[in-house]
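The first residue in the sequence is number 1, and the count goes up from there. In this text the structure is predicted, and so the values were computed from the model without any measurement. Start at 1 and go down the list; that is how both ligands and their atoms are numbered.
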Amino acid sequence: MKVAVYPGSFDPITYGHMDIVKRALKVFDHLIILISVNPSKEAFFTGEERADMVREVLKPCIDKIEVITSNKLSVKEAKRLGATHMIRGLRAMTDFEYEIQLTQTNRVLDKDIDSVFFMTSNKYSFLSSTTVKEIALFKGDLGPFIPKYIEQKIKEKLK
Ligand code: ADP
């Protein structure tokens, strides 16, 4: 069975992340979504809230995924969880620069875990969780970017 870890903040999950999950599941049998919880980095949602949202919106493929939160190095977690690869999503050239650095660093930390990149659909190539939070703050239309369930959770949080 081919197992991969998809690490990220997912604060919150967007259609862009979901697009990458869908593509990765065509190649890997099982995907572990690793929600990075960094105590020194302020997040909008708690790790558990982010995990619940991921589980909810990925219900249609829940038998092929697992969602866990972690405050450890992703590459170490990948090894511990029995994954052979790490999934990353690419939007634009700006992601590419950062991802190269990250991949090379991870390779030094563990040469056995390789990174695999999927390019998102054009329509999500500008989308990030940060953009979503900004649109929410200014009460813009979130329909094209996140599922209704996430929109509801953001609204509750902003109350
Ligand atoms: P962000 O806060 O930038 O949205 P995350 O840390 O949650 O990012 O991202 C985890 C992974 O998912 C990264 O590889 C990131 O490039 C990717 N990703 C995030 N948004 C998208 C998107 N719209 N399309 C494709 N990949 C994405």
Side-chain angles (χ1 to χ4, degrees), residues 3-28 30-58 61 64-78 81 83-107 109-110 113-138 140-147 149-151 153-154 157-158:
V3 181
V5 156
Y6 179 21
S9 321
F10 303 96
D11 189 30
I13 186 165
T14 68
Y15 282 140
H17 295 116
M18 290 166 72
D19 183 63
I20 298 300
V21 167
K22 199 179 77 192
R23 291 171 196 281
L25 282 177
K26 287 185 187 156
V27 179
F28 292 90
H30 191 72
L31 208 58
I32 302 165
I33 301 183
L34 189 70
I35 302 184
S36 318
V37 184
N38 183 345
S40 60
K41 205 172 136 189
E42 211 182 314
F44 189 66
F45 289 104
T46 66
E48 265 322 304
E49 286 170 336
R50 284 180 262 161
D52 286 344
M53 286 186 279
V54 171
R55 285 188 198 105
E56 179 63 32
V57 300
L58 290 177
C61 54
K64 289 182 172 178
I65 63 160
E66 203 176 320
V67 186
I68 63 170
T69 59
S70 167
N71 60 2
K72 304 201 176 69
L73 274 175
S74 306
V75 70
K76 296 257 182 230
E77 287 291 66
L81 295 161
T84 51
H85 293 81
M86 287 211 293
I87 304 297
R88 299 292 292 172
L90 288 177
R91 288 164 285 200
M93 285 309 280
T94 41
D95 273 349
F96 193 70
E97 190 68 43
Y98 171 70
E99 294 292 341
I100 283 184
Q101 271 184 29
L102 195 62
T103 303
Q104 300 300 7
T105 310
N106 282 335
R107 202 168 261 170
L109 295 172
D110 191 323
I113 307 285
D114 241 319
S115 298
V116 176
F117 298 90
F118 290 93
M119 283 183 72
T120 190
S121 302
N122 264 345
K123 59 185 175 194
Y124 305 132
S125 61
F126 55 90
L127 180 58
S128 72
S129 303
T130 307
T131 312
V132 162
K133 285 176 280 194
E134 270 169 24
I135 298 170
L137 210 55
F138 294 105
D141 177 18
L142 289 166
F145 314 121
I146 49 171
Y149 183 82
I150 309 293
E151 195 173 334
K153 294 285 167 190
I154 297 180
K157 198 66 158 182
L158 285 174

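Taking all atoms of both residues into account, the shortest heavy-atom contact from Glu151 to Gly143 is OE1-N, 4.1 Å.
Counting heavy atoms under 4.0 Å from ligand 1, residue Ser125 does not touch it at all. At a 4.0 Å heavy-atom cut-off, ligand 1 does not touch Phe126 at all. With a heavy-atom cut-off of 4.0 Å, Leu127 touches ligand 1 through backbone and side chain alike.
For Tyr6, the heavy-atom gap to ligand 1 drops under 4.0 angstrom. Residue contacts with ligand 1 include Pro7, since one of its heavy atoms falls under 4.0 Å from the ligand.
For ligand 1, one of its N or O atoms has an N or O atom of Gly89 under 3.5 Å away. Looking at Phe10 next to ligand 1, an N or O pair under 3.5 Å apart turns up. By the 3.5 Å distance cut-off applied to N or O atoms, Thr14 is not counted among the residues near ligand 1. Polar contact with ligand 1: absent for Thr130 (N/O pair, distance under 3.5 Å). Residue Tyr124 places at least one N or O, backbone or side chain, under 3.5 Å from an N or O of ligand 1. Among the atoms of Ser129, some N or O lies under 3.5 angstrom from an N or O of ligand 1.
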CA sep, side-chain torsions, deciding dist, call: Asn38, Ser36, side-chain hydrogen bond (donor to acceptor under 3.5 Å, both in side chains): CA-CA 6 Å; Asn38 183 345; Ser36 318; over 6 Å; no
Show your working on salt bridge (charged side-chain N to carboxylate O under 4.0 Å, His left out) between Arg88 and Glu99 and close with a plain yes or no. CA-CA 8 Å; Arg88 299 292 292 172; Glu99 294 292 341; 2.9 Å; yes
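Looking at residues two or more places apart in sequence or on another chain, you find no ring pair (Phe, Tyr, Trp, His ring centres under 6.0 Å) involving Phe145. In this view, His30 and Glu66 satisfy the side-chain hydrogen bond (donor to acceptor under 3.5 Å, both in side chains) rule, not counting sequence neighbours.
Counting only heavy atoms from C-beta outward, the side chains of Thr69 and Arg50 never approach each other to under 4.5 Å. The shortest distance between side-chain heavy atoms of Ile154 and Val132 falls below 4.5 Å.
Among the candidates Ile87, Ile65, Leu81, Val67, the single residue satisfying the side chain to side chain contact (heavy atoms under 4.5 Å, CB included) test with Ile32 is Leu81.
Per-residue contacts place Thr120 under 4.0 angstrom from the following atoms of ligand 1 (heavy atoms of the residue considered): 24 (N), 25 (C). Under a 4.0 Å criterion applied to the non-hydrogen atoms of Glu99, ligand 1 contributes the atoms 14 (O), 16 (O). Those atoms of ligand 1 that come under 4.0 Å of a heavy atom in Ile20, given as number and element, are 25 (C), 26 (N). Counting atoms of ligand 1 from 1 in the listed order, those under 4.0 Å from a heavy atom of Gly8 are 6 (O), 10 (C).
Looking only at atom types and distance, the side chain of Ser121 has a donor-acceptor partner in the side chain of Arg23 under 3.5 Å away.
Nearest protein neighbour of atom 6 (O) of ligand 1, counting heavy atoms only, is Ser9 N, 3.0 Å. Of the protein's non-hydrogen atoms, His17 NE2, 3.5 Å is the one closest to atom 9 (O) of ligand 1.
The pair Lys123-Asp19 does not meet the salt-bridge criterion, since no charged nitrogen lies less than 4.0 angstrom from a carboxylate oxygen. Comment: Lys153 does not engage Glu56 in a salt bridge, judged by the lack of any side-chain N to carboxylate O separation of less than 4.0 angstrom.
Here the shortest heavy-atom distance to atom 20 (N) of ligand 1, taken over Arg23, Met86, Arg91, belongs to Arg91.
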